[in-house]
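Each residue takes its place number in the sequence, starting with 1. From a predicted model like this one, the values you see are computed outputs, not experimental measurements.
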Amino acid sequence: MSNNDDTLEGGIDPQNMSLDELRTEIRGIDREIVELIARRTYVADTIAEVKDEQGLPTTDEQQEQQVMNRAGENAEQFDVDANLVKAIFRLLIELNKVEQRENR
């Protein structure tokens with residue numbers, strides 16, 4: 001959805017969509033979310049490799065705080081509950097840290 005009105009990408013108004021069309025839209029969005037999580041995980045794994053090569057610790061509290069701040073700002077921009085978005089990002093960060101530790 002755009003951050004300026006209630007239309008979907010391409011100018012589609014969800015109010016004019018059938019239940020099946022809305023569910024199809026949700027399936028596509030869910031797939032995009034999973035694809036983005038996969039991309040994020042790949043980049044996080046690459047960061048872990050660089051940290052390992054440079055002898056840096058797995059955890060970087062300052063960087064994590066910056067990620068959380070951006071998550072809150074992005075949530076506000078799109079009028080989404082910032083606490084919910086931050087909780088999702090906290091989970092993503094924790095999962096990446098666990099994976100980084102396991103791969104070291």
Side-chain angles (χ1 to χ4, degrees):
M1 292 188 73
S2 72
N3 60 349
N4 293 333
D5 53 42
D6 291 332
T7 59
L8 300 172
E9 224 172 276
I12 299 168
D13 182 356
Q15 295 294 325
N16 296 328
M17 296 172 73
S18 71
L19 184 57
D20 285 342
E21 290 171 325
L22 290 166
R23 287 181 173 157
T24 298
E25 185 70 21
I26 288 289
R27 280 194 297 274
I29 292 167
D30 289 349
R31 181 176 170 78
E32 289 177 38
I33 290 169
V34 172
E35 180 183 356
L36 290 171
I37 290 170
R39 286 177 49 200
R40 189 182 196 287
T41 299
Y42 174 78
V43 173
D45 289 345
T46 304
I47 289 170
E49 290 173 13
V50 171
K51 285 180 178 180
D52 193 40
E53 289 170 5
Q54 296 180 2
L56 298 171
T58 300
T59 301
D60 181 343
E61 297 290 335
Q62 184 177 3
Q63 180 60 29
E64 289 178 26
Q65 188 58 52
Q66 290 175 357
V67 170
M68 297 304 289
N69 291 344
R70 279 194 313 268
E73 291 167 5
N74 287 332
E76 289 174 11
Q77 178 184 355
F78 289 95
D79 196 29
V80 178
D81 184 310
N83 289 327
L84 173 63
V85 171
K86 287 180 179 183
I88 292 167
F89 273 82
R90 175 58 56 205
L91 181 58
L92 289 170
I93 289 168
E94 290 305 317
L95 290 171
N96 288 141
K97 285 169 37 175
V98 167
E99 192 168 315
Q100 286 178 20
R101 284 189 204 103
E102 288 175 355
N103 292 332
R104 281 194 153 185

(request) First locate atom CZ of R31, then atom CG of L36, and finally report the distance between them rounded to the nearest 0.5 Å. (result)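 Output value for this atom pair is 11.5 Å.
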(message) Once rounded to the nearest 0.5 Å, what's the spacing between atom CG of L22 and atom CD1 of I29?
(response)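 The CD1 atom of I29 is 9.5 Å from CG of L22, to the nearest 0.5 Å.
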(message) Starting from L95 and following side-chain heavy-atom contacts under 4.5 Å between hydrophobic residues (I, L, V, M, F, W, Y), which residues can be reached?
(response)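 Answer for L95: L91.
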(request) Indicate the atoms forming the closest heavy-atom contact of A75 with A82, along with that distance. (result)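 Smallest interatomic distance, heavy atoms only, reads CB-CA, 3.7 Å.
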(request) Go through the structure and list residues passing side chain to side chain contact (heavy atoms under 4.5 Å, CB included) with R27, not counting sequence neighbours. (result) R23, T24
(request) For D20, check side chain to side chain contact (heavy atoms under 4.5 Å, CB included) against everything at least two apart and list the hits. (result) S18
Restricting to side-chain hydrogen bond (donor to acceptor under 3.5 Å, both in side chains), what partner residues turn up for [X], sequence neighbours left out?
{"X": "E35", "value": "none"}
{"X": "T59", "value": "none"}
{"X": "N74", "value": "none"}

Enumerate donor-acceptor pairs with a distance under 3.5 Å from any side-chain N or O in residues 38-49 to protein atoms, sequence neighbours excluded.
residue, atom, partner, partner atom, Å
R40, NH1, N96, OD1, 2.9
T41, OG1, I37, O, 2.8
T46, OG1, Y42, O, 3.0

(request) Check V85, D81, V80 against N83 for a side chain to side chain contact (heavy atoms under 4.5 Å, CB included) and give me the one that passes. (result) D81
(message) Grouping I, L, V, M, F, W and Y whenever their side-chain heavy atoms are under 4.5 Å apart, do I93 and V34 come out in a common cluster?
(response) no
(message) Donor-acceptor check, side chain of K86 to backbone of G72, threshold 3.5 angstrom: yes or no?
(response)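 No, because the side chain of K86 does not come within donor-acceptor range (under 3.5 Å) of the backbone of G72.
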(message) Using the salt bridge (charged side-chain N to carboxylate O under 4.0 Å, His left out) criterion, which residues pair with K97? Sequence neighbours excluded.
(response)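 Partners of K97 under the salt bridge (charged side-chain N to carboxylate O under 4.0 Å, His left out) test: E64, E94.
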(message) Suppose the criterion is salt bridge (charged side-chain N to carboxylate O under 4.0 Å, His left out): which pairs have a residue in residues 65-77, not counting sequence neighbours?
(response)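 Salt bridge (charged side-chain N to carboxylate O under 4.0 Å, His left out) check on residues 65-77 returns no pairs.
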